[in-house]
Amino acid sequence: MNNDLQKRYDELKAKVITRADDFASLIDFIESKTAWLTAPASTRFHLCCESGLLEHSVNVAETLLRLKNTLYPQIEDESCVIVALLHDLGKAGTPEGAQYLKNEPTERQKQFGYRATYPYRFNKDLTYLSVPIRSLYLALPFIELSEQEAQAIVYHDGQYVEDNRSVAKNEHPLTLLLQYADNWCGFVIETQ
């Protein structure tokens with residue numbers, strides 16, 4: 001991780017004050033027991049590189065805070081930081097293994113000197129959980145989340161995911177802001 005990303009990440013973590021001890025325990029766990037610090041943000045799209053997940057999460061947190069300050073300032077910074085940093089935590093995998101593994105070229109690709117089609121692949125040895133559900137699974141033993149924070153994490157992909165249609169028109173403002181921040185980062189900031 002480069003120094004700029006570390007500095008930005010540290011500044012965000014410092015915004016968690018009322019749940020600082022629980023948050024610190026969670027951060028210690030995910031940094032030491034999962035691939036949180038090294039995982040890519042995707043298998044082949046935005047920030048498909050080492051530490052891409054952390055960079056994406058920091059980008060989303062910073063963007064969410066800017067949106068919140070403009071559109072809905074009554075939401076606490078702490079809540080924004082927590083949901084933004086945790087929304088894709090499931091991509092870090094578990095202590096048993098990373099969610100994304102480096103992809104190796106097929107024998108045919110090796111024979112002709114080609115790289116693997118996609119840089120990363122899903123770890124099929126992990127029990128399948130959607131990214132938001134795995135995010136909650138990892139976080140909840142360490143930190144209490146409000147219903148609004150849980151909704152934001154679970155439904156952060158908005159209506160891009162078929163399972164999320166049940167929340168349509170019932171989104172808390174935090175959920176909507178996280179959706180916007182996540183999309184802005186994935187489709188604009190991280191593609192430049």
Side-chain angles (χ1 to χ4, degrees), residues 1 5-6 8-16 19-43 45-65 77-101 120-123 125-158 160-161 163-164 167 172 174-175 177-186 190:
M1 168 181 5
L5 179 57
Q6 181 69 55
R8 293 166 57 210
Y9 179 46
D10 290 342
E11 287 172 0
L12 290 166
K13 291 187 295 184
K15 291 183 181 291
V16 178
R19 292 176 274 176
D21 291 341
D22 293 344
F23 187 68
S25 294
L26 171 61
I27 292 297
D28 180 58
F29 168 74
I30 64 176
E31 287 181 355
S32 65
K33 303 289 185 192
T34 72
W36 170 248
L37 296 175
T38 58
S42 67
T43 58
F45 299 112
H46 69 105
L47 292 175
C48 175
C49 59
E50 188 169 308
S51 299
L53 174 59
L54 181 62
E55 183 176 347
H56 171 67
S57 300
V58 167
N59 288 342
V60 170
E62 292 170 342
T63 302
L64 176 55
L65 288 168
D77 284 359
E78 175 172 291
S79 191
C80 291
V81 169
I82 288 171
V83 301
L85 290 181
L86 300 183
H87 81 284
D88 275 347
L89 174 60
K91 292 179 179 181
T94 68
E96 288 73 43
Q99 172 87 8
Y100 298 143
L101 303 173
Y120 292 89
R121 63 181 170 82
F122 286 96
N123 183 350
D125 291 334
L126 293 181
T127 300
Y128 175 79
L129 292 174
S130 67
V131 168
I133 298 302
R134 188 179 305 282
S135 298
L136 290 180
Y137 170 77
L138 292 168
L140 287 175
F142 296 91
I143 191 166
E144 187 174 324
L145 300 174
S146 69
E147 285 183 326
Q148 296 81 12
E149 291 166 342
Q151 184 193 73
I153 291 168
V154 171
Y155 296 107
H156 75 268
D157 285 324
Y160 288 105
V161 177
D163 295 346
N164 290 359
V167 78
H172 185 272
L174 180 60
T175 302
L177 291 173
L178 180 60
Q179 289 171 8
Y180 301 153
D182 188 33
N183 285 332
W184 188 259
C185 291
E190 297 162 0

Does Glu149 come within less than 4.0 Å of Arg19, counting only side-chain N to carboxylate O? yes
Closest approach of Leu85 and Ala61, non-hydrogen atoms and distance? CD2-CB, 4.4 Å
OG1/Thr94 to OH/Tyr137 distance, rounded to the nearest 0.5 angstrom? 7.0 Å
Shortest non-hydrogen contact between Leu178 and Leu64, atoms and distance: N-CD1, 3.8 Å
Please tell me whether Asn183 and Gln179 have a donor and an acceptor in their side chains that are separated by less than 3.5 angstrom. no
Heavy-atom check, side chain of Leu12 versus side chain of Glu62, under 4.5 Å: yes
Can you name the nearest heavy-atom pair linking Ala20 to Val16, along with the distance? CB-O, 3.5 Å
Mind running side-chain contact (heavy atoms from CB on, under 4.5 Å) on Leu65 and Lys15 for me, showing each step along the way? CA-CA 11 Å; Leu65 288 168; Lys15 291 183 181 291; 3.9 Å; yes
Scanning both residues in full, the closest heavy-atom pair of Val60 with Ala181 reads O-CB, 3.8 Å
Taking atom OG1 of Thr43 and atom NZ of Lys91, what is their separation to the nearest 0.5 Å? 8.5 Å
Charged N-O contact under 4.0 Å between Glu31 and Lys13: yes
Whether the Gln151 and Thr175 side chains hold a donor-acceptor pair (N or O, under 3.5 Å, no angle test) is what I'd like checked. yes
Could you tell me which non-hydrogen atom of Arg134 sits nearest to which non-hydrogen atom of Gly90, and how far apart they are? CD-O, 3.2 Å
Please round to the nearest 0.5 Å and tell me the distance separating atom CG of Leu89 and atom CG of Leu136. 9.0 Å
More than 12 heavy atoms of other residues, nucleotides or ligands under 6.0 Å from CZ of Phe142: yes or no? yes
Non-hydrogen side-chain atoms of Tyr120 and Cys48 separated by less than 4.5 Å: yes
Between His46 and Glu190, does any side-chain donor sit less than 3.5 Å from a side-chain acceptor? yes
Going from NE2 on His172 to OG on Ser79, what distance comes out if it is rounded to the nearest 0.5 angstrom? 8.0 Å
Measure the CG-CG distance between Leu53 and Leu37 for me, rounded to the nearest 0.5 Å. 9.5 Å
Could you give me the CA-CA distance, side-chain angles and deciding distance for Ser42 and Leu47, then say whether side-chain contact (heavy atoms from CB on, under 4.5 Å) is met? CA-CA 7 Å; Ser42 67; Leu47 292 175; over 6 Å; no
Side chains of Phe29 and Pro95 in contact at under 4.5 Å (non-hydrogen atoms): yes
Mind checking whether Ser25 and Asp21 have side chains closer than 4.5 Å, heavy atoms only? no
Could you tell me how the ring of Tyr9 sits relative to the ring of Trp36: parallel (under 30°), tilted (30 to 60°) or perpendicular (over 60°)? tilted
Give a yes-or-no answer on whether the side chains of His156 and Asp88 include a donor-acceptor pair shorter than 3.5 Å. yes
If we only count heavy atoms from C-beta on, is the Leu26 to Ile30 side-chain gap below 4.5 Å? yes
For Asn59 and Arg8, the nearest pair of non-hydrogen atoms, with its separation, is OD1-NH2, 2.6 Å
How far does SG of Cys185 sit from NE2 of His56, to the nearest 0.5 angstrom? 6.5 Å
